[in-house]
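For reference, the structure is listed below as structure tokens.
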Amino acid sequence: MGPAKRKRGRKPKTSAPETLDIPTPSPVTATAAAAPNSAAIAASMEDVFSVGNVELIDNTASTHVRRRRGRPKKLPTHSDKPLSRRPARPLDNGVGDFSVPGDAGVSALVAMEADTGWEARVLPAMDSVVKVFCVHTEPNFSLPWQRKRQYSSSSSGFVIGGRRVLTNAHSVEHYTQVKLKKRGSDTKYLATVLAIGTECDIAMLTVDDDEFWQGMSPVEFGELPALQDAVTVVGYPIGGDTISVTSGVVSRIEILSYVHGSTELLGLQIDAAINSGNSGGPAFNDKGNCVGIAFQSLKHEDVENIGYVIPTPVIMHFIRDYEKNGGYTGFPILGVEWQKMENPDLRMATGMRPDQKGVRIRRIDPTAPESKVLEPSDVILSFDGIDIANDGTVPFRHGERIGFSYLISQKYTGDNAAIKVLRNPDILKFDIKLDSHRRLIPSHSKGKPPSYYIIAGFVFTTVSVPYLRSEYGKDYEYEAPVKLLDKLLHSMPQSPDEQLVVVSQVLVADINIGYEDIVNIQVLAFNGKPVKNLKSLATMVESCNDEYLKFDLDYDQIVVLRSKTAKATTLDILATHCIPSAMSDDLKS
């Protein structure tokens, strides 16, 4: 079985949720790497503004006052000043005089606005919504010694207490420069990124310029809404430059998959229109309080108006984590994989009584603190005194249940949790210190440039989800080699510093003739010693005094090079490909 690229199966029809920031094409001529982005933007704009996607809305006129077509007249109903009208001006055009509506008509219009309560309720909150402009410079994971061409995007954000602004993490990912613009202002203010919460897709910004904060009032957070509660999403989506308001109701509350963070946290599903650029914008309830942050939507031909909002419990966890620790530490998890206990025979075989419920532990992360006390086949009965059902759910609110991972996500890194387990008819209680999860193939680089090491034209690097996406595109889950996907989904690190090292590519030279086709194959050992991580491999190669360098690869392949020749030709290969160094900076320390 060779190392050829394989597909993992048939691609399903259902589409994954997408994040919602608007990429802005660069004004200069795009290179080959940037051209697809510009083409995609142009195509998407044509789809948005095509005639087939435009509907005529019959806006029935009010029975109190008949309004003109076009932009409605602005009324300063939120001002303390009395309403004033310009005096009527007679028009002597030979036809007759045109009169101005009297006080009764104006009073009726003001009364109508007051009855809705919309101006008084939403306007102060809308003034706290800002537009976020970001310039991104992503690392090139396939060519880790350089970065990709920079690009711009716009999204939304809103002001909270303490002279801070919240937006989405993916809106400022790999940022080079971030600027904010207030509603109704023509000035963009430079912003500083205080914290980026990758897992929860939230980022915190601030602005040093005092002028930015003049007239800005922070939004107030509300409680977690109930089903069918009205929500209003405010932001700067695609289709225009000014602020946009869409409304809907809460359709679903459950543990959702956060696309950017590759995690599962509490989330809201709403039916309000959420489009590109709404990312980071607040969702308000009918009282004008913020109940969430718009961050992704489901785009598919079979669905309509499915948007997702980060709820206030997740937002407050992020804010309190930053205030408590001076930075973002993440959401802890329980480092186990578990199995449902819905089958009665399975429960009986594990010694569970009819009145006992829980979930069975399948595997335990060897690097997690839980590995010291928990064992496979233990049955978790409760977490922090809350009983867990056989399907892994716990009571949430009246008439609702939710996955027990919600209880874990309410904790902070370093907190303790009381766990009760069933082990060979004995009930045991443990006090476990929770920690963040570390994967063998990480989902994010968290702002760090990729590591690499080059010897004799062989480019060694570590596998991560951004690397797989760079190599195989957004459909890497179907295009990447099966062995790498298996490790991505199922493998656990055996030590905290373990990495999956691969030969990314071979820069062709005379010394590596016959090895040119080696691409993305794991390195298992060097000169008979197992490769633990990239730094250990670089250290072993640099300090090797043997005559030959022997690399044991996956698929039972080996690479053998003469040591002196390999090290001597490396500098020439680096010069040929304009590579500044044979290893990344993190490997030099």
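Please read all numbers here as calculations on a predicted model, not as lab measurements.
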Just by modelled atom types, is the [Y] backbone N or O under 3.5 Å from a matching donor or acceptor in the [X] side chain?
X: Q499; Y: L534; result: yes
X: Y308; Y: L298; result: no
X: Q522; Y: N520; result: no
X: T206; Y: R163; result: yes

I'd like to know if R164 pairs up with E323 as an ion pair, taking the criterion as any Lys NZ or Arg NE/NH1/NH2 lying under 4.0 Å from an Asp or Glu carboxylate oxygen. yes

Do [X] and [Y] have a side chain donor and acceptor closer than 3.5 Å?
X: E477; Y: Y472; result: no
X: T176; Y: T137; result: yes
X: S155; Y: S279; result: no
X: Y151; Y: E138; result: yes
X: E498; Y: N533; result: no
X: T329; Y: D321; result: yes
X: Y452; Y: D586; result: no
X: R360; Y: T350; result: no

[X]/[Y] aromatic ring centres below 6.0 Å:
X: F404; Y: W338; value: yes
X: Y189; Y: F212; value: yes
X: H136; Y: Y175; value: no
X: Y406; Y: F396; value: yes
X: H260; Y: F295; value: no

May I ask you to check if K188 and F133 form a cation-pi contact, with NZ or CZ under 6.0 angstrom from the six-membered ring centre and within 45° of the axis?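 Ring-cation test returns yes.
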
Check for me whether K420 meets the cation-pi criterion with F430, that is, NZ or CZ under 6.0 Å from the six-membered ring centre and within 45 degrees of the ring axis.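 Negative - K420 is either too far from the ring of F430 or too far off its axis.
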
Between NE2 of H437 and CD of E199, what distance do you get to the nearest 0.5 Å?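 Nearest 0.5 Å value for the NE2-CD distance: 11.0 Å.
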
